[in-house]
Amino acid sequence: MLQKPRGTRDFLPDEMEARRTIEWRMREVARCWGYREVCTPEFENLELFTMRSGEGIVEEMYIFEDKGGRKLALRPEITAAVIRMFINEAKVAPKPLRWCYFADCFRYERPQKGRYRQFWQFGVELIGADTARADAEVIMLAADMLNATGIAYDLKVGHLSFMKNLLKDLEYSAQRRMMAHLDKKDFDGLKNTLESMNKADLCNSLIALVNCRDLAEAFEISGPVPEKERINQTIEILDAAGIEYSLNFGIARGLDYYTGMVFEGFAQNLGAENQILGGGAYRLAHLFGGDDVASCGFALGFDRVMVSLGEKIHRKDTVVAVVCTNECRNHALEVARIFRRAGIRSEMDLMGRGLGAQIAHASKSADFAVVIGQRETESGNVTLKNLHTGEQKTLDPESAIAEVVSHGARR
RNA sequence: GCCAGGGUGGGGUAGUUGGUUAUCCUAGGGGACUGUGGAUCCUCCGACCCGGGUUCGAAUCUCGGCCCUGGCCCCA
C-alpha cells in the first residue's frame, strides 16, 4: 500500500472539525485586534530563507530546483516571506501594519510528538511601530489567542538588552556562542567558554541574569541598559492588562535579527516539544532591500496546540436524517431542501434502504429523523423523531426546524 | 544523524518453544423486514509493513529497508 510521506498526516472529518474550530477562535482574536490575513507563496527562492537564517538551515529544508534551474524551498516559516511581501507590495502603506496568517510550513526534521514535517503556524506581524506599546500589544494578543484555545500554558517574556549589555565587550561570534549557552541553560559550557576567553568574571552575572525573575534586579545585574524606559513601559502595560507571564532574561531566541523584547510560550502538558509560541521585536526588512523598519510578531505552533488540547474539542453539527418511503422520495427531497435552507445539515438515504433500515442508520449518524411518508406528504406536516430520546411528534416544517435549532448544537 | 520500543482486516486485539483454513470484539455491506426494525437473528466483506535469508514449512527465527511512538540533537 502507498504510504504518505514521513512526517505528514491525514486528517479525518472529526479532526478537521476540531482543527477548524480552534483555527477560527484564533482568527477571531486576530480580527478583533485589527490583524488582517495575508497569504504568501508555499515556496520561495531559497535565498529568502538563507538570508534570514543562515546557510545552516539548508539541511533542514525541502529544497528543489524548478525547470528553469531556480533554487526554491518549501517555506520553513512565514515571517521572512511576510516581510519580503511587505517590501514588495506594501512599503508605502500607512503604518503600522497589522497582519496575520495561518498556513503550513515544511521542515525536514526527525518527527516526534508535536513535531511534523508539514505543520501549521498561526502568526502575526506588526510592522512599522517601534514602541513599547507595540511590543506590549503583540504579547497581549498572543496571550489572548492562547487563552481562546483553552490550553494550559506558561508565557515567558524577556528582553535581549540585558544579555547584550553584559556581553558587549565580546566579539560578535563569542556573543552568539554565549547566547546559545544561556538559551539552553548550559552553564558548564558557558563557564568553559568564558574561561577560555579570560572572561570568567562575567559568568556569575550571566547566570544570575538567567535565573532572575524580577525587573529591578535584572537592571542591577546588567548595569545601565539603553532601552530601560521602553522595557519599563512594556512591562507596565502588560501588568495593567493583567497578562499572566513570568520574566525570563535567559531567552535568546535563535536568531540575530531579534532586537529587543522576546517571548515564548510553553504548553504545560506536552513532552520534549512543548514550545507552542515564539516571538519578539526584530529588524528584517533591510536584509531584503527595504528600509530598516522595526517589526514585532509571533508564530504559534498550531499542531502543538491541538496535541495539547487532545480530545477536548468536540464540536458536533446537529444532523437531521430525512427518511422516507420510496414513493414519497420527491416530497422528502423538498423537505430536506427547506431544512438545508435553514442552515441545518440534512442527509438523505442513497442506498435504497427501507424506512426501518434508514432509521437504523440514522440513529448512528444523526440527532433527528424527519419521517416523510404518505401521511406527511398529504398533510404537509413532518414527523420529527429525536433520535437521542426516542420522542416523536408531528409538526409543520417550520416548527420542526425551530425544534431542531433550539436543540442546541447549532453554533 | 543518534537511542529505545513497536508494526496482525477500517479501528481494537489473540496467536510468536516455527506446523491445517489466523482468534475475538467492533465498524461496514446484504437479508429476515416497503410506516419507526436505534433491537434481535442470519450472512457477507476484510489483515500478518516491504524485501532477502534459514526451513519440508515463517505472522512466529534472522538480516536489511520503510513507517509509527517516545527521547537525544536541532528547533528559524
Side-chain angles (χ1 to χ4, degrees), chain A residues 1-10 12 14 44 48-61 73-83 105-117 119 121 123 180 183-184 186 252-258 262 264 266 270-280 282 284 287 297-299 301 304 307 321 323-329 332 349-378 382-394:
Chain A
M1 196 161 50
L2 212 49
Q3 289 171 325
K4 61 189 181 307
R6 185 165 164 78
T8 63
R9 289 157 297 159
D10 295 320
L12 289 166
D14 281 349
E44 296 267 0
L48 175 69
F49 303 114
T50 54
M51 278 172 81
R52 165 179 150 112
S53 310
E55 293 291 336
I57 60 162
V58 167
E59 292 302 311
E60 316 244 277
M61 275 195 284
L74 297 183
R75 58 185 174 206
E77 48 100 15
I78 303 198
T79 300
V82 169
I83 297 304
C105 305
F106 303 84
R107 292 183 192 174
Y108 192 88
E109 296 179 296
R110 180 79 166 79
Q112 53 187 281
K113 184 172 184 164
R115 176 196 272 186
Y116 310 97
R117 290 183 171 181
F119 60 96
Q121 287 193 333
D183 199 42
K184 274 183 262 185
D186 173 18
R253 310 278 310 144
L255 294 176
D256 290 358
Y257 56 79
Y258 281 103
V262 287
E264 296 178 337
F266 298 87
L270 294 184
E273 299 292 324
N274 65 341
Q275 189 178 340
I276 49 168
L277 178 92
Y282 61 90
L284 202 49
L287 272 183
F298 67 79
R304 290 183 187 176
V307 173
V323 304
C324 63
T325 57
N326 199 36
E327 49 291 352
C328 297
R329 209 156 277 271
D349 170 63
L350 301 173
M351 309 287 275
R353 291 183 171 114
L355 187 62
Q358 288 181 47
I359 291 178
H361 178 257
S363 71
K364 293 172 203 154
S365 59
D367 303 294
F368 290 92
V370 169
V371 184
I372 304 297
Q374 195 66 39
R375 295 198 289 274
E376 289 81 3
T377 303
E378 279 165 11
V382 303
T383 298
L384 181 71
K385 184 183 180 77
N386 182 321
L387 292 169
H388 298 296
T389 63
E391 182 191 2
Q392 178 170 321
K393 37 187 151 178
T394 301

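Quick note on labels: first sequence line is chain A, next is B, and so on, each numbered from 1. Source: prediction; values computed, not measured.
Q112(A) has no side-chain polar atom (N or O) that falls below the 4.0 Å cut-off from OP1 or OP2 of rG70(B). Under 4.0 angstrom from either OP1 or OP2 of rG30(B) there lies at least one side-chain N or O belonging to R353(A). Distances shown here put every side-chain N or O of K385(A) at or beyond 4.0 Å from the OP1 or OP2 atom of rG38(B).
Pairing for rG70(B) is with rC3(B), a Watson-Crick or G-U wobble pair whose two hydrogen-bonding atom distances lie under 3.5 Å. Base pairing analysis places rC75(B) opposite nothing; no Watson-Crick or G-U wobble pair with both distances below 3.5 Å involves it.
What separates CZ of F119(A) from C1' of rA76(B) is a distance of 9 Å, to the nearest Å. When rounded to the nearest whole Å, the span between CG of L270(A) and C1' of rU69(B) equals 15 Å. Whole-Å rounding puts the L350(A) CG to rG28(B) C1' distance at 16 Å.
Look at E77(A) and R107(A) and you find no salt bridge, because none of the NZ, NE, NH1 or NH2 atoms lies under 4.0 Å from a carboxylate O.
Within the nucleic acid shown, Q275(A) has no heavy atom closer than 4.0 Å to any nucleic acid atom.
Taking 3.5 Å as the limit, the base of rG71(B) and the side chain of E273(A) contain no donor-acceptor pair of atoms between them.
Nearest-nucleotide positions on RNA chain B place G7(A) closer to the 5' end than the other of P76(A) and G7(A).
In the model, D349(A) has no side-chain atom that pairs as donor or acceptor with a side-chain atom of H361(A) under 3.5 Å.
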